[in-house]
Protein chains: 2
Amino acid sequence: MGRNRVTLADVAKRAGLSKTAASMVLNGREGTRLSAEAHQRVFAAAEELGYRPNVAARSLRTRKTATIAFVSDIVATTRFAGGLIRGALDAARERDHVLLITETQGDAAFEQYAIEAILDRQVDGVIYAAMATRRLAVPPAILSGPVVLLNATSAEKLPCVLPDDERAGVTVAETLLGHGHRDRIALIGRNRQKERDPEISLAAEARLRGIRATLAAAGVKLLSETFCPEWLPEHGYTATRALLGRPERPTAIICMNDRLAFGAYQALGEAGLTIPNDISVISFDDDPTASWLRPRLSTAALPHEQMGRRAVELLLDGEAESPSFVPMPLRRRRSVGPPAGSPWVAPHD
Amino acid sequence: MGRNRVTLADVAKRAGLSKTAASMVLNGREGTRLSAEAHQRVFAAAEELGYRPNVAARSLRTRKTATIAFVSDIVATTRFAGGLIRGALDAARERDHVLLITETQGDAAFEQYAIEAILDRQVDGVIYAAMATRRLAVPPAILSGPVVLLNATSAEKLPCVLPDDERAGVTVAETLLGHGHRDRIALIGRNRQKERDPEISLAAEARLRGIRATLAAAGVKLLSETFCPEWLPEHGYTATRALLGRPERPTAIICMNDRLAFGAYQALGEAGLTIPNDISVISFDDDPTASWLRPRLSTAALPHEQMGRRAVELLLDGEAESPSFVPMPLRRRRSVGPPAGSPWVAPHD
DNA sequence: CCTCGTCGCTAAACTGATTTAGCAGAGCAT
DNA sequence: ATGCTCTGCTAAATCAGTTTAGCGACGAGG
């Protein structure tokens, strides 16, 4: 790859100057006393020869590689990863950086290997990303340089980027209240593990907190809270069926994520109920399938692209206070309406 | 990052030998006449000091970076990309290589930039990936080194990795025939553009070819073929509704991809039909949602991980004939059964 | 005793950039 | 004429490895 590349020496020779001069001109160094004419000649020579610096050679001297490592537990392979990487990629490009991607697959040996591989390549910094928003233990080796945690926190109080799940909980609850739902709002997806163990999830507790605070402030209590062993479609399906078997039917269901909502749609469809006429559904994540459903699902979106972008900004530009919370915008679609049988008219959305 | 790393000189000094000796030992060079004892000392010193070579320094001399560029049009961000990257990552790790990821977003300027960025970093080779299986134009700059096309072909007959869509078409048709479906098989997702223009899709034509050849060989004709402007859920929904409005109801529907099948499920559900008792559905891709559906969808899986892996193998190990077709395994789930009203018993699956 | 080959190892060149230290010449004041 | 500063530029060191060329000691053969 690139066998006969033009080197700085070639440029210097063509410009009739020394490598030093060429280097300084091309790097736009201030305070050098090279003549305007020398500048011209160097630029012209570089242009004519199509000169591109050799990053390896440069970084050997400067210890900067303009390369960021994106290390994830397993995120790079899941559907959730796309946005994270894409955002990071964009922000990196804007800063003339490039992304080296590795995956630990949650395996200690792989992690060790991955980290050595990137450290050997002298990356300028590391973005350590998690698939699920959670607290994690950062391998000590990467603490030797700049690190930003993406979708994660750690005991070390490292700079990190997190989705604002609590605020999303507020938004979701407010939306339901705004449509006139009051005392017949059901919640699907309680999960003690996720709520209690920050190493498993930070989202569950935060979303719940936001929802509860908002409803409480409006003097509203949840009709029911259904526990689920996981946040998968089948559990949403089971939970919803159980819900429909109870005497008092809810006017709205909050699902802790879209996969649960997916299952809820299936159960509601089977029961012959229409969304949102009979029951409204609202959720979190904005999984791609949310807009495949009929009616399309209203959900608070995980701002993956923004998060990936923010991580790079934090890493390269510094500043910004540490737990950087990225807002989760509500995707207003068609799954939320006024409570069944109410004379209420939906607000514009 | 890694300010005070141990260098080869440190190792050599500790072993009481020259840098040359240390280098040769650590690289396992044959034909050197260094004593067994010298080997011992170098290994011991490297181990004790935790020596790790500086890749930049090495590659400056050797012109090998043990880095592969993964350039995609837009693939890295979609749900389809995950497996591709994951497979490539795995295969790269096995060969002690690392992946540099960039995205062109289908934009010429971005592409130009991305390619310069990776060429500046002296990557050992490039994997050029497309989101949709198609023929594309390869930017000349990357032809200066080893390239493998992933999920794509080109006019230049470069080495490439493709899913075996035609064989998948055969499998899908065979499955339906195997369950006893004959003359009432409908097809959803015909699309002239996709079938005709290889720069848009290679899959449509290949899948269709496989299906037709197989049915023809069994003396079976398709009941109907429905055209769709895109392969999205809404089009599958519309097409299925249209299908159900016809006098003769199909016993099985082949969808050209899972998103169409998703829409088909919705239409069938609304019509009160049960899968597979009333109608069987089978499809292509194995999108993650395929196993969220009720019943779970039988579909010929795009072998993304295998493909990513194969691309790296092709790039690094060479050999293997060029259009490397990766089989698409059928995920046998619950959406296919014997034709409605038939006394037929489903084969084991 | 001289030459030759082999063994075990090393000095130094080389990769392509950045950076430090400093040189030659011009202009000015003393 | 001498010393000084300023201008415009360059030689050489440096980064951390790999690779080439070859050196000194030793033993064998003539």
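Letters A, B, ... mirror the listed sequences (proteins, then strands); counts begin at 1. As the structure is a computational prediction, the values presented were derived from the model and not from experiment.
Closest to the side chain of A:Met24, out of C:dT20, D:dG17, C:dT10, is C:dT20. Closest approach to the A:Arg58 side chain among D:dC9, C:dT18, C:dG16 is made by C:dT18 (side chain taken as heavy atoms from C-beta onward).
Residue B:Thr32 is the one, among A:Arg29 and B:Thr32, whose nearest nucleotide of DNA chain C lies closer to the 5' end (criterion: closest heavy atom). Between B:Ala57 and B:Ala21, the residue anchored nearer the 5' end of DNA chain C, judged by the nucleotide with its closest heavy atom, is B:Ala21.
Contact of A:Ser23 with C:dT19 (side chain to base): no donor-acceptor pair of N or O atoms is detected under 3.5 Å. No hydrogens or angles were tested; on distance alone, nothing pairs the side chain of B:Arg61 with the base of C:dT15 as donor and acceptor under 3.5 Å. Side-chain atoms of B:Lys19 come within donor-acceptor range of the base of D:dG17, with a qualifying N/O pair under 3.5 Å. With hydrogens and angles ignored, a donor-acceptor pair under 3.5 angstrom links the side chain of B:Arg33 to the base of C:dG8. A donor-acceptor contact under 3.5 Å is formed by the side chain of B:Thr20 with the base of C:dA11.
Atom P of nucleotide D:dT7 and atom CG of A:Leu17 are separated by 19 Å, given to the nearest angstrom. Atom CG in A:Leu60 sits about 12 Å away from atom P in C:dT19, given to the nearest Å. Taking atom CZ on B:Arg121 and atom C1' on C:dA17, their separation rounds to 14 Å, with Å as the unit. Here the C1' atom of nucleotide D:dT18 and the CG atom of B:Asn54 are 13 Å apart, to the nearest Å. If you take CZ of B:Arg63 and P of C:dC14, they are 14 Å apart, rounded to a whole angstrom. In this entry the distance linking CG of A:Leu26 with P of C:dG16 reads 16 Å, nearest Å.
Salt bridge B:Arg309/B:Glu313: present, at least one basic N to carboxylate O contact under 4.0 Å.
A distance-only check finds no donor-acceptor pair linking the side chain of A:Arg86 to the backbone of A:His304 [under 3.5 Å]. One N or O on the side chain of B:Arg41 and one on the backbone of B:Ala15 form a donor-acceptor pair closer than 3.5 Å. Of the possible polar contacts, one joining the B:Asp73 side chain to the B:Met131 backbone as a donor-acceptor pair under 3.5 Å is found.
Put simply, A:Ser35 has a side-chain N or O that comes within less than 4.0 Å of OP1 or OP2 on D:dC9. For D:dT18, one of the phosphate oxygens OP1 or OP2 lies less than 4.0 angstrom from a side-chain nitrogen or oxygen of B:Asn27.
When only modelled atom types and interatomic distance are considered, A:Glu156 and A:Ser154 share a side-chain donor-acceptor pair under 3.5 Å.
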